[in-house]
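Below is one structure, written out as C-alpha cells; the observations come after it.
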Amino acid sequence: MAGYQRFVAYVYEYRKGKKDGSSGYVRVEARDRKCRVEVHLRCVGLEPGSRCRVYGFVRQEGLMDGILIGSCVTGRERIECALETDTGDIGGMGKSLQELGGLLLISDAGGFWGTEWDDQPIRPENFREWKKKETEPRKETEKTGTEYQKAAEKKGREREEKEEENQKDGTLPEVQENQKESDRIMTVEEIQEDVLKTSETGNSYQAPGPHPPEPPRPGQPSPHPPKLPRPGQPSPHPPKPSRPEPSRPLPGIPCDDPFNDGYFTDCRKIRPSDCSALCRKNGCFCSNRFVMYGYQNFGHLLLCRNPRGQYILGVPGGYSQQERFMANMFGFPYFKECPDIHIPGGKGGYWYCFINI
C-alpha cells in the first residue's frame with residue numbers, strides 16, 4: 001500500500017548513561033500523513049503518577065535533538081500510551097519520520113529509555129530538547145546539556161526559596177538574609193578552600209552573618225549583667241530556640257558530621273524507604289534511580305540540617321561532569337565533598353537537595 005509503513009523497535013533503559021536491559025517495545029505505524037506511536041514498557045520499581053515525555057530525535061553535530069511528540073502518565077511499573085503526529089512534520093518541527101534516528105522517553109522521576117534505528121549508539125548526556133521560538137514558529141531553539149544543568153540549578157534555588165517561606169516563622173531573620181550565599185552550589189575548588197580555612201583556624205565553620213558576643217574572660221565582670229525579674233514576675237526575655245524542631249521522631253541512625261566543618265548538624269544515615277516517612281511530599285525519592293544507585297553503592301543516604309533549620313537529603317557519590325549532569329537530572333543540584341566517601345582517582349562526597357520535614 002502506497003504511503004504505508006509499520007515497524008516495531010525494542011526499547012532499552014539507560015542507567016548512569018549506560019545501556020541496560022530491555023524494557024519493552026514501541027510500535028510505529030505511518031499511513032499517509034498520520035503517524036501513530038504506541039509505547040509498551042514494563043519497568044520494575046517504577047512508581048505511578050509521573051509524567052513521561054516521548055521524543056523523536058535527529059542527530060546534529062554529534063548531539064541528539066529531541067522533538068517532543070507527546071507525553072503520558074506512568075502506571076505502576078509500566079508505561080502504556082498511544083500518540084499521534086504528522087508523518088512529514090514530526091512535532092511541528094519540519095522533520096519527517098524518515099529523518100528520525102529513534103525515540104527517547106524521559107520521566108520526571110528521572111527514568112531514561114531509548115530506541116534507535118540508525119545503528120548509532122544513544123548517549124543520554126548528548127540529548128537536548130529542540131523547541132520552537134514563539135516569534136519564529138519554524139526556527140528552533142536548543143537546550144544543551146549545560147543549559148539543562150543551569151535549569152535544574154535554578155529549579156533547586158526556587159524550591160529552596162519556597163521552603164524558606166514555609167519555614168520563615170520558625171527561623172531567625174538574620175540567618176534567612178545570609179543563607180542565599182551559604183546554600184548555593186559549591187564547586188570542588190570552593191569546598192577545598194573552605195576546608196583549608198577551617199583547618200588553619202582550628203575552628204568549626206560558621207555561616208556568614210552576625211555572631212554572638214564573646215563570653216567574658218575569667219575574672220572579668222560581664223559588661224551587661226543580666227536583669228533578674230522580680231519575685232512572681234515572668235522573665236521579660238524567655239529563651240527562644242534558634243532552630244525549629246521536627247514535629248515527629250526522625251528515622252535512621254545518628255552519626256557524626258561527615259564533612260567535619262560544623263556546617264551541617266543533626267546528621268543521620270537513612271534508607272530510601274525512610275523518605276516517605278519524613279513527609280508525603282518526599283515519597284518520590286523512594287523510587288528515584290539516582291537515590292537507589294547511591295544507596296546500593298554506599299549502603300546509606302544522609303539526612304542533615306543546616307544553620308537555618310532546613311533539612312537536606314544527601315546521596316553519596318563522586319564528582320565529575322557526567323555525574324553532575326545525572327545528579328541535576330534527578331533533582332540533586334548541590335554537591336559537598338566528604339572525606340568519608342572514597343572514589344578511586346576522584347572526589348567523593350554527597351549530592352544533595354532540600355526536603356520538607
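Owing to the predicted nature of the structure, the values given are computational and were not obtained by experimental measurement.
- Here the CD atom belonging to E99 is positioned 12.0 Å from the CE atom belonging to M93, to the nearest 0.5 angstrom.
- For V73, there are no side chain to side chain contact (heavy atoms under 4.5 Å, CB included) partners two or more places apart in sequence or in a different chain.
- Taking all atoms of both residues into account, the shortest heavy-atom contact from G314 to Y350 is C-CD2, 3.9 Å.
- Heavy-atom neighbours of R59 CZ from other residues, nucleotides or ligands within 6.0 Å: above the threshold of 12.
- Counting only distance, with no hydrogens or angles, the side chain of R305 and the backbone of D266 share no donor-acceptor pair below 3.5 Å.
- T115 and F57 make their closest contact through O-CE2, 3.8 Å (heavy atoms, listed as atom of the first residue, atom of the second, distance).
- Every residue two or more places apart in sequence or in another chain that forms a side chain to side chain contact (heavy atoms under 4.5 Å, CB included) with C304 is listed here: F264, C267, L302, I312.
- Minimum interatomic distance between H40 and R27 (heavy atoms only, all atoms of both residues): NE2-NH1, 4.0 Å.
- Within 6.0 Å of the CZ atom in R268, the count of heavy atoms belonging to other residues, nucleotides or ligands exceeds 12.
- Here the CD-OG distance, from E13 to S23, works out to 5.0 Å after rounding to the nearest 0.5 Å.
- Residues I355 and F335 are members of one and the same hydrophobic cluster, defined by side-chain heavy-atom contacts under 4.5 angstrom among Ile, Leu, Val, Met, Phe, Trp and Tyr.
- Residues that satisfy the ring pair (Phe, Tyr, Trp, His ring centres under 6.0 Å) test with Y12, not counting sequence neighbours, are absent from this structure.
- Note that CZ of F354 is 11.5 Å distant from CG of L313, once rounded to the nearest 0.5 Å.
- Residues satisfying the side chain to side chain contact (heavy atoms under 4.5 Å, CB included) test with R36, not counting sequence neighbours, are E38, A82, E84.
- Of the candidates K95, R33, K34, R33 is the only one forming a salt bridge (Lys or Arg N to Asp or Glu O under 4.0 Å) with D86.
- A heavy-atom distance below 4.5 Å is found between the side chains of V315 and L301.
- With hydrophobic clusters built from ILVMFWY side chains whose heavy atoms lie under 4.5 angstrom apart, L250 shares a cluster with I270.
- There is a path of hydrophobic side-chain contacts, each under 4.5 Å, that joins Y10 to Y55.
- Here the side chains of V8 and V26 are not in contact, with every heavy-atom distance at 4.5 Å or above.
- Closest approach of P124 to I122, counting heavy atoms only: CD-O, 3.8 Å.
- Below 30°, between 30° and 60°, or above 60°: for W351 and F290 the angle between ring planes is above 60°, a perpendicular geometry.
- F332 places a side-chain heavy atom less than 4.5 Å from the side chain of V291.
- Going from atom CE of M326 over to atom CZ of F112 covers 8.5 Å, rounded to the nearest 0.5 Å.
- A salt bridge does not link D20 with R289: none of the charged nitrogens is closer than 4.0 Å to a carboxylate oxygen.
- For F7, the ring pair (Phe, Tyr, Trp, His ring centres under 6.0 Å) test picks out W117, with sequence neighbours left out.
- Between the CG atom of L63 and the CD atom of E125 there is a distance of 10.0 Å, given to the nearest 0.5 Å.
- At a threshold of 4.5 Å between non-hydrogen side-chain atoms, the residues D108 and C52 do not count as touching.
- Between atom CG of residue L46 and atom OG1 of residue T74 there is a gap of 4.5 Å, rounded to the nearest 0.5 Å.
- Across every non-hydrogen atom of N260 and P339, the tightest pair is ND2-CG, 3.7 Å.
- For the salt bridge (Lys or Arg N to Asp or Glu O under 4.0 Å) test, no residue two or more places apart in sequence or in another chain qualifies with R6.
- Minimum heavy-atom separation, I79 to C43: CD1-SG, 4.4 Å.
- Judged by distance alone, the side chain of D65 and the main-chain N or O of V58 form no donor-acceptor pair under 3.5 Å.
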Do I69 and I90 pass the side-chain contact (heavy atoms from CB on, under 4.5 Å) test, and can you show the C-alpha distance, the side-chain angles, and the key distance before you say yes or no?
CA-CA 7 Å; I69 298 176; I90 302 296; 4.0 Å; yes
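- Ion pairing between E29 and R31 holds under the 4.0 Å rule for side-chain N and carboxylate O.
- Residues R15 and Y293 have side chains not in contact (no heavy-atom distance under 4.5 Å, counting atoms from C-beta outward).
- Under the 4.5 Å side-chain heavy-atom criterion for grouping Ile, Leu, Val, Met, Phe, Trp and Tyr, L97 is connected to V39 within one hydrophobic cluster.
- Side-chain N or O atoms of N297 include none that pairs as donor or acceptor with a backbone N or O of G294 at under 3.5 Å.
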